[in-house]
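Accompanying notes for the structure given below.
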Amino acid sequence: MNIECLLDAQADLGEGPCWDDREQQLYWVDINAGIIHRTSADGKSDEEISVGEKVGAVVLRETGGLLAATERGFAFVDPAGGGLDRIADPEPDNPDTRFNDGKCDPGGRFWAGSMSLSRMTGSASLYRLDPDKSLTKWVEGVTVSNGMAWNLQLDRMYYIDSPTKSVVSFAYEPESGEISSPSIALQTPESMGSPDGMTIDDEGMLWIAFYRGGCVARWNPETGRMLSKIEVPAPNVTSCCFGGPGMDTLYITTARQKMEVDALAEFPQSGGLFQVRPGVSGSSSYRFKG
C-alpha cells in the first residue's frame, strides 16, 4: 500500500487522531508539547492550539468546541485560544500519572485513562466522563491506558493496556454505557512492540498501532488473528483513525521522543502524520454530548 507522510510535523509524541466529519478536519495531539493540531484532509493546512500542559487526547463536542484529557484531568478547550475550562481531576495526588488516550463512545460519553510515568504496574485507571459531567472509574490496575474501539453491533468495547500486549473485550451496554465481563480478544506478539492506539473499520476489524513496531496491523477480534500489516517509516507508531471525504483514509500518528540521532537519520519523518488507503473504510469519531 502507498503510505505517505501527510504532514512532517516532527511531533515529539503525536497521538489521538479524531476526524471531524462536519469540517473535514483531523484533530490530533502532540502530548508532550501540549498542542492540539487541526489538520486539513489534504495536509495543506495545519493549525496548532496550545493548551499550556500535556494533553493526552482530544474529542469533539456535539455542541461545538473540544474536550480534552490533560495531565491534570478533564477540561473543555476553547479552540480559538486553547483556554481550559476544567471539569475534574480524579488523580490530583498522584504525580506519577497523567492522562493518555481517550475516545467518546456511541452514547457520547468520554472515556479516558491515565498512565504511570514510571511504568509502575497497576497504578493507573480508566475513567468515563458523562455528558452531565459526572465522572466514574471503570477499570483499575492499569499501567498505560491506551486504545479503545466499539464494535459495529455496539455491544462490545475493546481496550488496550499497552504493557499487557493484549486487547480486552468488554460487554458494552449502549444505553447506560456500562461495561462488564472482560475477556482477552487477542494477544499481540512481543516482537511487534507495544499495542497503542486503535480504531475499527466497517467490516468490524481492528486496526492497531504498534509503538516500537513501526506498523499498523489489522486484526480480527473474533478469532484473534492478524490479517494484514502496513509498515510505517517511523518506528514509534502511536494511533490511527479513519477519515477523509470518503472515510477511506487511515490517518496514522507517530512519535520521535527519545530517539537517538542515528535512528532519526534513518527515519527522519518520525513524529509525522501519515496517511494510507487500506481498501476499507471506517466511521466518523463519536462526539461528546455535553
- [ ] Specify whether Phe288 and Phe76 have parallel, tilted or perpendicular ring planes, treating 30° as the upper limit for parallel and 60° as the lower limit for perpendicular.
- [x] tilted

Open item on the list: Parallel, tilted or perpendicular: which one describes the rings of Trp138 and Trp111, with boundaries at 30° and 60°?
Closed with: tilted

Task: Pairs meeting criterion ring pair (Phe, Tyr, Trp, His ring centres under 6.0 Å) with involvement of residues 254-275, two or more places apart - done: none

Task: Residue pair Arg218 / Ser228, side-chain heavy-atom distance below 4.5 Å - done: yes

Open item on the list: Any non-hydrogen side-chain atom of Leu26 less than 4.5 Å from a side-chain atom of Trp28?
Closed with: yes

With sequence neighbours left out, write down each residue that passes salt bridge (Lys or Arg N to Asp or Glu O under 4.0 Å) with [X], or none if nothing qualifies.
X: Asp21; result: Arg287
X: Arg128; result: Asp130
X: Arg225; result: none

Task: Met120: side-chain contact (heavy atoms from CB on, under 4.5 Å) partners, not counting sequence neighbours - done: Asp96, Ser116, Ser118, Ser123

Open item on the list: Among residues at least two apart in sequence or on other chains, which ones pass side-chain contact (heavy atoms from CB on, under 4.5 Å) with Ser145?
Closed with: Leu126, Val142, Tyr159

Say you draw a straight line from [atom1] of [X] to [atom2] of [Y]; how long is it, rounded to the nearest 0.5 Å?
X: Glu231; Y: Ile3; atom1: CD; atom2: CD1; value: 9.0 Å
X: Tyr286; Y: Phe110; atom1: OH; atom2: CZ; value: 15.5 Å
X: Leu273; Y: Gln10; atom1: CG; atom2: CD; value: 13.5 Å
X: Thr70; Y: Arg86; atom1: OG1; atom2: CZ; value: 5.5 Å

Open item on the list: If only side-chain N and O atoms count, and only distance matters, is there a donor-acceptor pair under 3.5 Å linking Thr249 with Gln275?
Closed with: no

- [ ] Determine whether the side chains of Asn151 and Gln153 contain a donor N or O and an acceptor N or O closer than 3.5 Å.
- [x] yes

